[in-house]
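Report on the following structure.
Quick caveat: nothing in here was measured; it's all calculated off a predicted structure.
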Amino acid sequence: MTATGRGTVSAPPLPVVLAGARGHGRWHVENIRRLEAQGVLTLAGICELTPLTEDEFGGALPEQSPDFGALLDSTGARVAVICTPIPTHTDLALTAAARGVHILLEKPPAPSYAEFRRMADGVAAAGVACQIGFQSLGSHAVPAIRELVAEGAVGRVVGIGGAGAWVRPEAYFRRAPWAGRRRLNGVDVIDGALTNPLAHAVATALALAGSTRAEDVAGIETELLRANDIESDDTSCVRVTTARGGSVTVAATLCAERADEPYVMVHGTSGRITFWYKQDRVLLQRAGHGPEETRYGRTDLLENLAAHLTDGTPLLVTPDGTGAFMQVVEAIRKAPDPAPLPDGAWHRVPGEERRVVPGIDGLVAAAADTLSLYSELGAPWALPAHHLPKEVSTR
């Protein structure tokens, strides 16, 4: 314990083990270093099947081991950050929970609803804290938008739209054995546009709809397609009917003509609110007023987890608070395999080794703007939506 300038005592840094330090895990390394410099955390260990070198890590390495449980034991970790392939999430989270280690689990939390429930129920039974890594839900814009809606700033909400038009080269789908796969060696992966790279659009739209728990979902329609030579979808849309009677429609592609910032849009009877969630930027447009743009701050989810452990600050993204998102993952998992787009519906960009679907940028925006699916917008390659059977359990 260390004395502070005000005469109080601050908690010692929480020892953290990071599982998965390559790829997106590099972001977590830098974030942990940032919090280490603030005296919040200390990186006690890294779990990788192939150990990192000092050159890769950029300095002296902490303890390393391919055995996650043994590393948690030897380091005395209080927190585990899990940034590993999607099918490993549940088992690694339960390994940490069994040792009383608190968890930041990257999104998507699991590849199926059954695996999600196994993780969430196991973590709850162990009595450890678990934060799911939807960083956009740490944005201060989320409560601000909810307050605007509650005040009636845009009238009665008629629906939530979401749009993600991203560019990914063909090499993106070769970055790991599980990339672009629905299943690998008989195990669910479900690495599609809506469930992984643009999962934040789905989760954020559901959050703004006030429908984050599994029981908040009444029905789901999906349209899953692919231009790339993969199993999963790279161009898709989903519409969620909520238990309260509203709808959430999100369209996404990794085959955009031009990369754009993803956003979520709240449609009201007298205006709308657009939230570019990676930028924490909000545009309010309403009758009788000029457009109002505001930028907000953001609470880091690992920092929030540390604050929860030291002073009881509420967690921002609990497992049960991602149940509705996991119902979407389950609907995509149960849907027919994504249909390949016909050859004339896409082309390669010379020199860039990526596939583009002409007109998809406008379709993605139109879906978010009108709350329509691709088939309803007249896309010539679209197929009828697949409906998730209503008997899917929320437990």
Within 45 degrees of the ring normal and closer than 6.0 Å to the centroid, is that where the cationic atom of Arg348 sits relative to Trp346? no
Residues two or more places apart in sequence or in another chain: which of them pass salt bridge (charged side-chain N to carboxylate O under 4.0 Å, His left out) with Arg354? Glu352
Fit a plane to each ring of His200 and Phe134, take the angle between them on a 0 to 90° scale, and name the class: parallel (under 30°), tilted (30 to 60°) or perpendicular (over 60°). perpendicular
Mind checking whether Phe275 and Val142 have side chains closer than 4.5 Å, heavy atoms only? yes
Verify, without hydrogens or angle tests, whether Thr269 (side chain) and Arg156 (backbone) share a donor-acceptor contact under 3.5 angstrom. yes
Ser232 and Asp191 side chains, donor-acceptor separation under 3.5 Å: no
Quick one: list whatever passes salt bridge (charged side-chain N to carboxylate O under 4.0 Å, His left out) with Arg118, sequence neighbours left out. Asp91, Glu115
Ignoring hydrogens and geometry beyond distance, is a side-chain donor-acceptor pair present between His24 and Glu106 at under 3.5 Å? yes
Gap separating the CE atom of Met265 from the CD1 atom of Ile273, nearest 0.5 angstrom: 10.5 Å
Does a salt bridge link Glu261 with Lys278, judged by any charged N lying under 4.0 Å from a carboxylate O? no
Return the set of residues passing side-chain hydrogen bond (donor to acceptor under 3.5 Å, both in side chains) with Ser270 (not counting sequence neighbours), or none when no residue passes. none
Applying salt bridge (charged side-chain N to carboxylate O under 4.0 Å, His left out), can you list everything that pairs with Arg333, at least two apart in sequence or on another chain? Asp188, Glu330
Please check if any side-chain donor atom of Glu63 sits under 3.5 Å from a side-chain acceptor atom of Ser74, or the reverse. yes
Going by heavy atoms in the side chains, are Arg355 and His347 under 4.5 Å from each other? no
Can you confirm whether Glu223 sits close enough to Leu383 that some side-chain heavy atom of one is under 4.5 Å from a side-chain heavy atom of the other? no
Is the closest basic N to carboxylate O distance between Asp234 and Arg168 below 4.0 Å? no
Without hydrogens or angle criteria, can the side chains of Thr318 and Gln131 be said to hold a donor-acceptor pair below 3.5 Å? no
Can you confirm whether Arg22 sits close enough to Leu52 that some side-chain heavy atom of one is under 4.5 Å from a side-chain heavy atom of the other? yes
What residue pairs, at least two apart or across chains, pass side chain to side chain donor-acceptor pair (under 3.5 Å) with a residue in residues 237-248? Glu221-Arg239, Arg239-Glu376
Under 3.5 Å, side chain of Asp67 to main-chain N/O of Gly69, donor-acceptor pair present? yes
What distance separates Leu373 CG from Thr222 OG1, expressed to the nearest 0.5 Å? 9.0 Å
Regarding Asp300 and Arg34, does a basic nitrogen lie under 4.0 Å from an acidic carboxylate oxygen? yes
Provide the full list of ring pair (Phe, Tyr, Trp, His ring centres under 6.0 Å) pairs with a residue in residues 35-63, sequence neighbours left out, each pair given once. none
If you apply the rule side chain to side chain contact (heavy atoms under 4.5 Å, CB included), what do you find for His267 with Val157, and how did you get there? CA-CA 6 Å; His267 294 274; Val157 173; over 6 Å; no
Between Asp233 and Arg182 (salt bridge meaning N to carboxylate O under 4.0 Å), is one present in this structure? no
